[in-house]
Each structure stands twice: as C-alpha cells, then as structure tokens.
Amino acid sequence: MKIGLSSNGKDLDSTLDLRFGRCSYFIIYDIEKSDFESIENKGLTSEGGAGIAASQQLIDENVDVIITGKLGPNAFNIINKADIKVFKSEAISIKDAIEKYKKDELLELKESGPAHHGM
C-alpha cells in the first residue's frame, strides 16, 4: 500500500504541506516496505490547474491514500473518481502523519475545500 503525502521537503522529517496542488514535493511512502521516495510536484510549476496536475501525478504513482491539508474541487473530483482515499492532517512531520494514519487518527476528507484558481 502506497501513501502520497504533500510535503515541504524531501524526507520523513519534512513538514506536511497543507497545500496539495502547490506543495513542493510528494513523499510516496510504501507501508509494506517501510520505504519512501520523494518526487517534485509537477503542479507547483503549472500556471493553472495545479491540483489537476498533482492529482494525475499521484494516480500515476499508484498511491492508495493521500494525506494533505485540503484539496480543491478539481483535485478532489479526480482523486475521488480514481478511488483514492484522502485524509486531512495538520502541518506536522511526514513521519508523524504516517503514524497517525496507521493509528487511524486522521479524518477522511469527504468533500473538497474552496477553489483557488491560479494562486
């Protein structure tokens, strides 16, 4: 099982970025292997549709779960259609967010946040 986390940095000690489409990196954490990789978020450099680009990138990485702060409506719809569950976290370390997920302490997002249109 793979988790995609929006991150400010490239390792597990980095802080979870509350922004999804405009985060700097995604940490892709494999629960079975207790291993991770960091990838640059393609949505960060998009002029528009950052959430769409970021969503597609995580779908292409075959993640099963996403942990972030919030999702705009476009990203939420794409991820929801891909049958990927999304959980909300505070700006804590990636490592702590993973532990909270494992302990079932994160709230599942059932609806999107507001649209950000080119921010």
Side-chain angles (χ1 to χ4, degrees):
M1 176 181 191
K2 291 166 77 174
I3 304 172
L5 301 100
S6 54
S7 179
N8 287 317
K10 297 180 178 182
D11 60 41
L12 300 181
D13 292 320
S14 301
T15 304
L16 185 110
D17 194 328
L18 298 180
R19 302 166 304 160
F20 176 73
R22 297 282 179 198
C23 69
S24 297
Y25 299 95
F26 288 113
I27 302 291
I28 310 298
Y29 184 81
D30 187 319
I31 287 191
E32 282 81 30
K33 297 178 182 176
S34 293
D35 195 16
F36 75 97
E37 66 174 312
S38 64
I39 58 174
E40 288 187 24
N41 174 15
K42 294 177 183 175
L44 182 62
T45 57
S46 299
E47 288 186 29
I52 294 169
S55 299
Q56 191 57 56
Q57 187 175 6
L58 290 186
I59 290 168
D60 292 346
E61 290 289 332
N62 297 311
V63 301
D64 303 290
V65 168
I66 293 171
I67 300 174
T68 190
K70 57 188 169 192
L71 290 176
N74 292 333
F76 183 83
N77 289 336
I78 291 167
I79 289 166
N80 195 34
K81 285 179 185 173
D83 219 16
I84 297 172
K85 291 189 178 221
V86 181
F87 292 87
K88 179 182 177 91
S89 177
E90 301 166 354
I92 57 178
S93 75
I94 297 295
K95 184 177 10 185
D96 289 344
I98 292 167
E99 286 307 309
K100 282 184 171 254
Y101 173 77
K102 288 179 181 177
K103 293 177 182 176
D104 200 25
E105 295 176 354
L106 297 178
L107 177 69
E108 185 175 355
L109 288 175
K110 298 285 191 182
E111 60 185 35
S112 73
H116 297 291
H117 302 299
M119 287 183 75

request  = Give the intermediate values and the outcome of side chain to side chain contact (heavy atoms under 4.5 Å, CB included) for residues Asp11 and Ser38.
outcome  = CA-CA 7 Å; Asp11 60 41; Ser38 64; over 6 Å; no
ask   = Phe20 and Ile66: side chain to side chain contact (heavy atoms under 4.5 Å, CB included), yes or no, with the steps?
value = CA-CA 10 Å; Phe20 176 73; Ile66 293 171; 4.0 Å; yes
request  = For side chain to side chain contact (heavy atoms under 4.5 Å, CB included), just list the numbers for Ile92 and Lys100, CA-CA rounded to whole Å, side-chain angles, deciding distance to a tenth of an Å, and then say yes or no.
outcome  = CA-CA 10 Å; Ile92 57 178; Lys100 282 184 171 254; 3.7 Å; yes
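Transitive grouping of hydrophobic side chains (ILVMFWY, heavy atoms separated by less than 4.5 Å) brings Ile28 and Leu71 into a common cluster. Using a 4.5 Å cut-off between side-chain heavy atoms of Ile, Leu, Val, Met, Phe, Trp and Tyr, with links allowed through other members, Leu58 and Tyr25 fall into different hydrophobic clusters.
Rounded to the nearest 0.5 Å, atoms CD1 (Ile27) and NZ (Lys95) are 12.0 Å apart. To the nearest 0.5 Å, the span separating CG on Asn8 from OG1 on Thr15 amounts to 5.5 Å. For the atom pair CG of Leu12 and OH of Tyr29, the computed distance is 7.0 Å after rounding to the nearest 0.5 Å.
For Phe36 and Phe26, the ring centers sit 6.0 Å or farther from each other.
Listed by first and then second residue, the salt bridge (charged side-chain N to carboxylate O under 4.0 Å, His left out) pairs that reach into residues 35-44 come to none, sequence neighbours excluded. For residues 78-90, no pair satisfies side chain to side chain donor-acceptor pair (under 3.5 Å), with sequence neighbours left out.
Taking both residues in full, the closest heavy atoms of Arg22 and Leu44 are given as NH1-O, 3.0 Å, listed atom of the first, atom of the second, then distance. Closest of all the heavy-atom pairs between Ser55 and Ile79 is OG-CD1, 3.6 Å. Between Ser6 and Thr68 the shortest heavy-atom distance is OG-OG1, 2.8 Å.
With hydrogens and angles ignored, the 3.5 Å screen pairs a side-chain donor or acceptor of Asp64 with a backbone N or O of Lys2. Judged by distance alone, the side chain of Asn41 and the main-chain N or O of Gly21 form a donor-acceptor pair under 3.5 Å.
For Lys110, the salt bridge (charged side-chain N to carboxylate O under 4.0 Å, His left out) test picks out Glu108, with sequence neighbours left out.
Tested against Ile98 for a side-chain contact (heavy atoms from CB on, under 4.5 Å), the candidates Leu106, Leu5, Leu16 yield a single pass: Leu5.
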